[in-house]
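What follows is one structure encoded as structure tokens, with my remarks underneath.
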There are 2 protein chains.
Amino acid sequence: MQRRKTPTKEAVLKILKDSGRAMSQEGIESEINIEINRATIYRILNRFCEDGLVHKIVAEDGKQYFALCLNCSEKKHRDNHFHFRCLSCQSIECLEEPVNFSVPAGYQVTSLNCVISGVCKDCYQHTRLS
Amino acid sequence: MQRRKTPTKEAVLKILKDSGRAMSQEGIESEINIEINRATIYRILNRFCEDGLVHKIVAEDGKQYFALCLNCSEKKHRDNHFHFRCLSCQSIECLEEPVNFSVPAGYQVTSLNCVISGVCKDCYQHTRLS
DNA sequence: TTATTAATGCGACTATGTTGCAATAATAAA
DNA sequence: TTTATTATTGCAACATAGTCGCATTAATAA
């Protein structure tokens with residue numbers, strides 16, 4: 001099944017690129033300048049995941065976020081880094097730091113989902129100033 | 001607001017203790033030997049969290065899991081360790097290994113949610129044998 | 001220009017989790 | 001022991017996130 005180039009797909013990709021963050025369907029829909037159906041956005045995002053273009057993380061709010069992170073190569077997308085979720089501005093960003101871990105003998109690892117929650121630099125400074 | 005000792009509360013606590021795993025509302029409801037309303041289970045679990053008795057983690061399936069892990073002291077519950085989610089038997093267990101990380105300067109950390117997904121030792125051995 | 005089929009929109013559906021409210025029951029007070 | 005207080009529960013309703021079937025649309029190939 002080969003992919004087709006569609007305006008919606010391009011638009012979603014642009015939003016993800018420009019933001020540099022991990023975004024939810026809701027966030028994408030509100031930022032995008034064309035009208036796209038909710039289900040379509042999910043389908044586009046899941047296709048991106050299948051193609052290794054973006055990676056998906058699930059935050060503590062139980063929602064899915066999709067990121068085309070800057071650290072990753074164009075060819076292969078990795079999700080082996082930490083993510084930081086700001087509880088103030090609600091943004092999720094990919095941190096550069098890779099996740100170091102080991103599992104007990106005999107355990108097979110297939111994926112990681114590591115999110116650090118807190119307040120990002122910008123928001124923390126704003127709260128201190130006000 | 002002081003807590004009261006109720007049969008439901010005790011039953012949920014026992015299930016969590018006996019399993020030694022992180023469990024979802026669904027899992028608890030199916031294991032428990034008395035009938036408890038869905039909403040009640042959530043309320044009990046959230047109260048446990050408030051009281052620092054258990055910790056909550058959200059897995060890649062977007063569901064909440066609650067654990068009274070063995071490594072933690074009775075007094076203070078910590079969620080600063082990795083969790084392993086077996087995609088085969090669906091169980092989630094607390095790993096002993098603590099999460100080591102650092103965040104960029106100016107970032108404030110309040111909580112962690114780190115889940116490693118894969119196949120646990122038992123399940124992996126079963127697949128190799130069959 | 002036509003044929004093929006990937007992609008889309010719509011609606012319906014499932015599942016998870018929360019909340020308001022009246023009824024129940026654990027604990028304190030009399 | 002009896003009564004009063006209020007934490008807890010069950011029920012129903014609700015909110016939200018995500019998926020899926022299906023007919024329609026529109027990229028791409030022929």
Side-chain angles (χ1 to χ4, degrees), chain A residues 1-16 22-51 53-67 85 87 90-92 111 113 115 117, chain B residues 1-16 22-51 53-67 85 87 90-92 111 113 115 117:
Chain A
M1 192 199 287
Q2 62 188 19
R3 305 299 186 202
R4 292 178 179 178
K5 188 175 178 177
T6 66
T8 48
K9 180 178 162 182
E10 301 295 305
V12 171
L13 195 57
K14 187 178 184 323
I15 291 285
L16 286 177
M23 298 181 76
S24 65
Q25 174 275 323
E26 193 190 6
I28 292 170
E29 189 172 345
S30 66
E31 296 263 321
I32 217 162
N33 50 7
I34 58 174
E35 196 152 316
I36 312 185
N37 183 270
R38 204 161 56 93
T40 302
I41 295 179
Y42 278 114
R43 278 189 280 230
I44 288 172
L45 291 170
N46 286 328
R47 259 178 270 145
F48 283 167
C49 279
E50 285 173 31
D51 298 347
L53 200 62
V54 307
H55 62 271
K56 170 167 73 175
I57 54 167
V58 176
E60 279 170 276
D61 59 3
K63 293 205 286 188
Q64 301 177 348
Y65 292 81
F66 301 82
R85 174 167 176 247
L87 302 171
Q90 298 296 332
S91 81
I92 295 185
S111 69
N113 193 82
V115 183
S117 292
Chain B
M1 190 199 287
Q2 61 189 20
R3 305 300 187 200
R4 291 179 179 177
K5 187 174 178 178
T6 65
T8 49
K9 182 178 162 182
E10 300 295 306
V12 171
L13 196 56
K14 188 177 185 323
I15 291 285
L16 287 177
M23 299 181 75
S24 65
Q25 174 275 321
E26 192 190 6
I28 292 170
E29 188 173 346
S30 68
E31 296 263 322
I32 217 162
N33 51 8
I34 58 173
E35 196 151 317
I36 312 184
N37 184 270
R38 205 161 55 90
T40 302
I41 294 179
Y42 278 113
R43 279 190 279 229
I44 288 172
L45 291 170
N46 286 327
R47 258 179 270 147
F48 283 167
C49 279
E50 284 173 32
D51 299 345
L53 201 64
V54 307
H55 63 271
K56 169 166 76 174
I57 53 166
V58 176
E60 280 171 273
D61 58 4
K63 293 205 286 189
Q64 301 177 347
Y65 292 81
F66 301 82
R85 174 167 177 248
L87 302 171
Q90 299 296 331
S91 80
I92 296 185
S111 68
N113 193 82
V115 183
S117 292

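Convention: sequence-line order gives letters A, B, ...; per-chain numbering from 1. Being a predicted model, the structure only gives us computed values, none of them experimental.
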TODO: Using a cut-off of strictly less than 4.0 Å, decide whether Ser24(A) has a side-chain nitrogen or oxygen near OP1 or OP2 of dA17(D).
DONE: no
- [ ] Grab the NZ-P distance between Lys9(B) and dA25(C) for me, whole Å please.
- [x] 17 Å
- [ ] Quickly work out the Ile36(A) CD1 to dA26(D) P distance and round it to whole Å.
- [x] 14 Å
Open item on the list: Let me confirm one number: the NZ-OH distance from Lys56(A) to Tyr65(A), rounded to the nearest 0.5 Å.
Closed with: 13.5 Å
- [ ] For the side chain of Gln64(B), starting at C-beta, report the closest nucleotide among dT18(C), dT27(C), dT28(D).
- [x] dT18(C)
Open item on the list: Expected output is a numbered-order residue list: members of residues 40-48 of chain B with a heavy atom under 4.0 Å from any atom of DNA chain C. What is it?
Closed with: Tyr42(B), Arg43(B), Asn46(B)
- [ ] Check side-chain hydrogen bond (donor to acceptor under 3.5 Å, both in side chains) between Thr40(A) and all other residues, then give those that pass, not counting sequence neighbours.
- [x] none
TODO: Among dA28(C), dA26(D), dT5(D), find the nucleotide with the atom closest to the side chain of Arg4(B).
DONE: dT5(D)
TODO: Would you mind reading off the distance between Leu13(B) atom CG and dT8(D) atom P, rounded to a whole angstrom?
DONE: 14 Å
- [ ] Check the distance between dA17(D)'s P and Asp61(A)'s CG and give it to me in whole angstrom.
- [x] 9 Å
Open item on the list: How many whole angstroms separate atom CZ of Arg38(B) from atom C1' of dT14(C)?
Closed with: 12 Å
TODO: May I ask you to say what Gln25(A) touches in the nucleic acid, namely base, sugar-phosphate or nothing, with a heavy-atom cut-off under 4.0 Å?
DONE: nothing
- [ ] Take atom CD of Glu60(B) and atom C1' of dG18(D), then tell me their distance rounded to the nearest Å.
- [x] 16 Å
Open item on the list: Can you measure Asn37(B) atom CG to dG20(C) atom P for me and round it to whole angstrom units?
Closed with: 16 Å
Open item on the list: With rounding to the nearest 0.5 angstrom, report the OG1 to CG distance, Thr8(B) to Asn37(B).
Closed with: 10.5 Å
Open item on the list: Nearest to the Thr8(B) side chain among dT27(C), dA27(D), dT9(D), which nucleotide is it?
Closed with: dT9(D)
Open item on the list: Once rounded to the nearest 0.5 Å, what's the spacing between atom CD of Glu29(B) and atom CD1 of Ile15(B)?
Closed with: 11.5 Å
Open item on the list: To the closest 0.5 Å, what do you measure between OH (Tyr42(A)) and CD1 (Ile28(A))?
Closed with: 9.0 Å
Open item on the list: Taking the side chain as everything from C-beta on, heavy atoms only, tell me whether Lys14(B) gets closer than 4.5 Å to Glu10(B).
Closed with: no
Task: Under-4.0 Å side-chain N/O to phosphate OP1/OP2 contact, Lys63(B) with dT16(C) - done: yes
Open item on the list: Which is more 5' along DNA chain C, the nucleotide nearest Tyr65(B) or the one nearest Arg3(A)? Just name the residue.
Closed with: Arg3(A)
- [ ] Calculate the interatomic distance between Gln90(A) atom CD and dT16(D) atom C1'; express it in whole Å.
- [x] 15 Å
Task: Main-chain N/O of Lys63(B) paired to Asp61(B) side chain as donor or acceptor, under 3.5 Å - done: yes
